[in-house]
Amino acid sequence: LKTLNRRIAACRRCPRLCAYRHEIARRKRRAFVDWEYWGKPVPNFGPSPAPLLVVGLAPAAHGANRTGRMFTGDESGRWLFRALYKAGFANQAESTNAGDGLKLIDCAITAVCHCAPPANKPTRDELDHCRQWLRQTLNAVRPRVLLALGQIAWTQLLPELIRRRWLTPPRPWFGHLACVSLAGGRSLVGSYHPSQQNTFTGRLTQPMLDAAIRRARELCGLAANSAGGDCEEGC
Ligand code: SF4
């Protein structure tokens, strides 16, 4: 995964995204003016192999595009890492920067688009370009369970799962807690993305995200996290 991550970080295939992520890194947000933004494709995070692969959409402009680590430094990441920690997939709930000591356990995180896109919307071509990395990440991580965060991650995974003959058409619908059995004892689980659009409106609540990650853990064949792992907020 280390070699693959180096190759991902050096990718320049999508001109619009290269220009955008550089521009964001140059302009910065006032709150992060002292930061040296990462401003490159954000590599995968976590060990390989790993039974669980979490698949997100794309780095946030002032989140992972700033910190250089998946889901790190924004509100979505705060939600995700809290839930992963609670389930026993992380050693801590906090994720502020790439050197904060956070380690994933039995879990890796990737995205269907490794560069921050304008308005969080990669084009179809950009998603197609980035599928090469998804393919290689699946080879490296060899997950038993895929947890797709949001409909775009789910939709982007399906052609690759069909190509590998892990899934037979018709393509299954996305939904929160949607669960699909794949060849070889693998599974695909859906969850609403912990974006602010979903969490602020109550479309996704913390118990809902916990339930999706708990389901993924069961399907991985891992014991429930008996250590508790309650976050500092007591949830
Ligand atoms: S989105 Fe993916 S394919 Fe496009 S430049 Fe970034 S890493 Fe490369």
Side-chain angles (χ1 to χ4, degrees), residues 1-29 32 35-50 52-74 76-77 80 95 97-98 104 107-143 146-164 166 174 188 193-197:
L1 205 57
K2 266 190 189 165
T3 312
L4 174 60
N5 282 341
R6 270 200 297 273
R7 291 174 57 216
I8 292 172
C11 183
R12 302 280 180 275
R13 193 154 175 212
C14 308
R16 184 183 80 117
L17 299 188
C18 291
Y20 180 71
R21 65 184 198 231
H22 279 306
E23 181 56 16
I24 292 290
R26 192 185 63 77
R27 273 198 280 125
K28 305 181 182 182
R29 179 176 280 170
F32 305 123
W35 274 76
E36 184 74 37
Y37 273 49
W38 174 255
K40 292 181 276 192
V42 178
N44 301 310
F45 176 41
S48 67
L52 174 64
L53 181 62
V54 177
V55 185
L57 168 58
H62 299 279
N65 184 55
R66 169 173 58 91
T67 62
R69 192 175 71 188
M70 286 283 170
F71 278 96
T72 298
D74 63 21
S76 301
L80 178 64
S95 62
N97 63 75
L104 296 180
C107 165
I109 304 179
T110 191
V112 291
C113 177
H114 283 268
C115 292
N120 284 325
K121 285 194 178 122
T123 65
R124 184 182 286 248
D125 280 352
E126 288 160 355
L127 287 167
D128 285 349
H129 292 163
C130 221
R131 196 172 295 130
Q132 61 171 325
W133 301 128
L134 180 63
R135 217 166 260 169
Q136 293 182 50
T137 299
L138 286 169
N139 292 342
V141 176
R142 288 180 274 135
L146 295 154
L147 176 65
L149 298 179
Q151 179 145 22
I152 297 176
W154 176 276
T155 309
Q156 284 301 305
L157 272 167
L158 297 183
E160 182 55 25
L161 300 181
I162 292 170
R163 194 188 70 84
R164 289 171 182 256
W166 291 3
F174 170 74
L188 169 64
H193 192 287
S195 63
Q196 290 194 337
Q197 204 179 347

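Atoms within each ligand, like the ligands themselves, are counted from 1 in listed order. Here, residue 1 is the first one in the sequence, and each next residue gets the next number.
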| task | Using atom types as modelled and distance alone, determine if a side-chain donor or acceptor of Lys28 lies under 3.5 Å from a backbone N or O of Trp35. | result | yes

Show which side-chain atoms of residues 147-157 pair as donor or acceptor with protein atoms under 3.5 Å away, not counting sequence neighbours.
| residue | atom | partner | partner atom | Å |
| --- | --- | --- | --- | --- |
| Trp154 | NE1 | Pro172 | O | 3.0 |
| Thr155 | OG1 | Gln151 | O | 2.6 |
| Gln156 | OE1 | Arg131 | NH2 | 2.9 |

With no hydrogens and no angle check, do the side chains of Asn44 and Thr137 hold a donor and an acceptor under 3.5 Å apart?
-> yes

What lies under 2.8 Å from atom 8 (Fe) of ligand 1, restricted to protein N/O/S atoms, is Cys11 SG

Check the side chains of Arg164 and Asn139 for a donor-acceptor pair under 3.5 angstrom, ignoring hydrogens and angles. yes

With sequence neighbours left out, the residues meeting ring-ring contact (aromatic ring centres under 6.0 Å, His included) with Phe45 are none

The ring-ring contact (aromatic ring centres under 6.0 Å, His included) partners of His129 (sequence neighbours excluded) come to none

